[in-house]
Trainee: 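For reference, the structure I am asking about is given below.
Quick note: numbers below take in every heavy atom, side chains included, and nothing from hydrogens, waters or symmetry partners.
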Amino acid sequence: MSPQAGVPWADTMLLNPTIIDDPASDTLHMLFRATGPWPQSQTPGRPLPYPIFLGYATSGDGGKSWQADFSRPCLGPLLQNELHRIVITGADGRQHINHANGCIEDPRLARLDGELYLTTACRMFPPGPYWEHDEPTQCAPAWATSGKHSLGPAATKNLTVTVLWKVNLPQLAAHNYAEAFTYISPISDPLRGDNRDVFLIPRKMQIEGRKQYVCLHRPYHPELYDHRFAGLPPSIFVACADRLEDLGGPLAAHRLLAKPVLPWEVDRVGASWVPIPLGGGEWLLPYHAKQDAVVGYTQSFMILKEGADGWPEVIHRCPDRLMFARKPWELAGRFKTPCVFTCGGLVRGDELIMSYGAADTVAGMAWVNLPRLVAHIRCFDPVGGLL
């Protein structure tokens with residue numbers, strides 16, 4: 001899939017899709033990130049904004065072809081500039097600060113407790129042409145960047161905050177988008193800086209004596225979670241809490257899961273999408289890493305195991321660059337750093353099917369034999385050494 005001429009919200013970039021199967025049919029469902037210029041929301045004196053929307057597509061042939069609804073986004077930012085309008089009604093019926101007011105990107109879907117949940121990286125205000133000049137506040141209204149408001153650093157710095165939604169799959173499949181998504185809460189903490197690659201582990205874990213909800217996250221400033229991590233590049237952390245709504249606040253507990261250890265990881269590592277249970281308390285975790293602007297992003301895998309205290313820990317880590325940009329359409333895009341970025345996957349038989357963004361411009365699909373992949377990863381220790 002690629003950007004669509006004549007579709008204002010998807011004519012510049014279409015990328016980073018997530019996928020999930022349907023218990024009621026053979027249909028696969030996709031949410032994808034898309035953007036285009038939005039002059040109707042431009043603030044005088046500010047660059048042209050590029051708000052980010054989610055679109056919807058389905059596949060009836062196991063992911064080989066997709067039919068997208070380009071008539072409208074399935075989930076989009078409200079794009080309000082007035083302070084008192086940056087609110088949204090949550091699942092509890094109350095009004096909350098709308099952290100998804102400016103953009104909704106990088107979707108990940110997870111089933112948990114019989115419900116379908118979505119996590120999205122959000123900003124309060126849309127970015128400008130970020131592939132040219134990645135300054136988050138360049139399209140924010142002057143009152144926001146002045147700090148003279150009650151919305152905190154999420155508005156002043158236009159930080160990325162991850163938002164949790166509940167998804168009604170039958171309503172989504174029927175294109176009843178207004179009924180398909182319910183805002184729950186942020187699950188990353190804007191008081192601790194920018195945070196991406198946040199998503200749920202699809203079951204509660206027995207951590208330190210009680211069942212807790214668990215998510216993975218990748219703070220840009222790890223030292224804001226613990227001063228001992230000063231100087232650590234962005235890395236994968238685990239958070240746990242008694243309630244989903246507490247994962248992004250002071251009641252959550254946090255632990256470092258994985259930091260850069262391999263040459264192609266030196267700039268950052270982040271979890272890519274919801275881990276796959278392997279049985280025996282083990283999980284297959286897709287993850288990504290960046291070396292630099294020349295080598296770019298690599299997608300690989302690690303295996304986690306629930307430790308004695310319940311916290312997941314890495315037991316195997318693949319040192320190979322398993323997925324990276326090689327094809328012309330994976331390299332030629334607006335984003336010049338080579339980038340293949342997976343946001344979703346599912347298992348059918350022995351096959352792992354993955355959806356990914358390439359060059360921050362288009363979307364692709366990949367297939368791999370799951371038993372062979374897992375056997376390969378088991379050849380290595382927690383830091384990628386050969387066993």
Side-chain angles (χ1 to χ4, degrees), residues 52 77-78 80 83-88 90-92 94-106 108 117-127 134-165 183-200 207 212-257 259 268-271:
I52 298 172
L78 294 181
Q80 297 289 343
L83 175 60
H84 69 283
R85 295 183 182 273
I86 303 178
V87 294
I88 192 167
D92 57 5
R94 297 163 52 195
Q95 294 283 291
H96 299 265
I97 295 172
N98 185 5
H99 290 280
N101 180 67
C103 69
I104 303 174
E105 55 188 279
D106 297 352
R108 276 93 168 196
Y117 290 99
L118 167 71
T119 53
T120 58
C122 299
R123 294 184 190 269
M124 280 196 180
F125 307 105
D134 190 16
E135 167 48 59
T137 63
Q138 60 183 313
C139 294
W143 65 260
T145 54
S146 73
K148 297 178 180 179
H149 54 78
S150 59
L151 300 180
T156 303
K157 299 179 181 179
N158 205 23
L159 297 174
T160 301
V161 176
T162 295
V163 169
L164 179 67
W165 313 77
Y183 187 100
I184 297 178
S185 68
I187 60 167
S188 68
D189 187 353
L191 296 179
R192 297 185 183 185
D194 206 86
N195 206 329
R196 286 181 175 268
D197 306 325
V198 187
F199 50 81
L200 299 174
I207 294 179
Q212 300 191 63
Y213 291 103
V214 183
C215 74
L216 302 181
H217 63 111
R218 195 220 67 192
Y220 194 79
H221 297 287
E223 69 275 10
L224 297 179
Y225 284 82
D226 190 320
H227 65 87
R228 293 175 299 172
F229 299 129
L232 182 71
S235 300
I236 306 173
F237 280 72
V238 183
C240 66
D242 294 323
R243 303 189 313 149
L244 287 170
E245 295 88 344
D246 292 334
L247 286 168
L251 296 179
H254 301 268
R255 182 175 289 189
L256 176 66
L257 178 70
K259 63 183 180 180
R268 72 191 64 176
V269 293

Trainee: Do the side chains of Val161 and Cys122 get nearer than 4.5 Å, heavy atoms only?
Mentor: no
Trainee: Can you tell me how far apart OG (Ser188) and CG (Leu164) are? Round to the nearest 0.5 Å.
Mentor: 11.0 Å
Trainee: Does the side chain of Asp242 reach to within under 4.5 Å of the side chain of Leu251, using non-hydrogen atoms?
Mentor: no
Trainee: So which heavy atom on Lys157 is nearest to which on Pro136, and how close?
Mentor: O-CB, 3.7 Å
Trainee: How many angstroms lie between CD1 in Ile187 and CZ in Phe199, if you round to the nearest 0.5 Å?
Mentor: 10.0 Å
Trainee: Give, for atom CZ of Arg192 and atom CG of Asp226, the distance between the pair rounded to the nearest 0.5 Å.
Mentor: 9.5 Å
Trainee: Looking at Tyr183 and Asn98, what are the two nearest heavy atoms and their distance?
Mentor: CE1-OD1, 4.1 Å
Trainee: Answer yes if the ring centres of Tyr117 and Tyr213 are under 6.0 angstrom apart, and no otherwise.
Mentor: no
Trainee: Which is it for Leu244 and Ser185 under the side-chain contact (heavy atoms from CB on, under 4.5 Å) test, yes or no, and what are the steps along the way?
Mentor: CA-CA 8 Å; Leu244 287 170; Ser185 68; 5.9 Å; no
Trainee: For the atom pair CG (Leu247) and CG (Asp189), what is the distance rounded to the nearest 0.5 Å?
Mentor: 11.5 Å
Trainee: Quick one, Pro77 and Asn101 - any side-chain contact, counting heavy atoms below 4.5 Å?
Mentor: no
Trainee: Looking only at non-hydrogen atoms, find the nearest pair between Ser235 and Pro222 and report the distance.
Mentor: N-CG, 4.5 Å
Trainee: Would you tell me whether Asp194 and Thr160 have side-chain atoms, one donor and one acceptor, within less than 3.5 Å of each other?
Mentor: yes
Trainee: I would like to know whether Arg108 and Asp106 meet side-chain contact (heavy atoms from CB on, under 4.5 Å); could you show each step before the answer?
Mentor: CA-CA 7 Å; Arg108 276 93 168 196; Asp106 297 352; 4.0 Å; yes
Trainee: Can any side-chain N or O of Asn158 pair as donor or acceptor with the backbone N or O of Phe125 at less than 3.5 Å?
Mentor: yes
Trainee: Indicate yes or no: at least one non-hydrogen side-chain atom of His254 is less than 4.5 angstrom from one of Pro219.
Mentor: no
Trainee: Please check this pair: side chain of Thr156 against backbone of Pro153, looking for a donor-acceptor N/O pair closer than 3.5 Å.
Mentor: no
Trainee: To the closest 0.5 Å, what do you measure between NE2 (His99) and CD1 (Ile88)?
Mentor: 10.5 Å
Trainee: Please determine whether side-chain contact (heavy atoms from CB on, under 4.5 Å) holds for the pair Leu256 and Leu232, giving the CA-CA distance in whole Å, both sets of side-chain angles, and the decisive distance to 0.1 Å.
Mentor: CA-CA 11 Å; Leu256 176 66; Leu232 182 71; 4.1 Å; yes
Trainee: For a 4.5 angstrom cut-off between non-hydrogen side-chain atoms, does Leu159 reach Tyr220?
Mentor: no
Trainee: Restricting to non-hydrogen atoms, name the atom on Gln212 and the atom on Cys240 that form the minimum distance, rounded to 0.1 Å.
Mentor: OE1-SG, 3.4 Å
Trainee: Keeping the roles fixed (side chain from Gln80, backbone from Arg85), state whether a donor-acceptor pair exists under 3.5 Å.
Mentor: no
Trainee: Mind listing the closest non-hydrogen atom pair of Ile52 and Pro127 along with its distance?
Mentor: CD1-CG, 4.2 Å
Trainee: Look up atom OG1 in Thr137 and atom CZ in Arg123, then write down how far apart they are to the nearest 0.5 Å.
Mentor: 9.5 Å
Trainee: Do you know the tightest heavy-atom contact between Ala144 and Ala155?
Mentor: CB-O, 4.0 Å
Trainee: For the backbone of Val198 and the side chain of His217, can you confirm whether one donor and one acceptor N or O come within less than 3.5 Å of each other?
Mentor: no
Trainee: May I have the step-by-step check of side-chain contact (heavy atoms from CB on, under 4.5 Å) for Arg268 and Arg196, ending in yes or no?
Mentor: CA-CA 12 Å; Arg268 72 191 64 176; Arg196 286 181 175 268; over 6 Å; no
Trainee: Within the side chain of Thr120, is there an N or O that forms a donor-acceptor pair under 3.5 Å with the backbone of Ile104?
Mentor: no
Trainee: Any side-chain heavy-atom pair from Val238 and Leu216 closer than 4.5 angstrom?
Mentor: yes
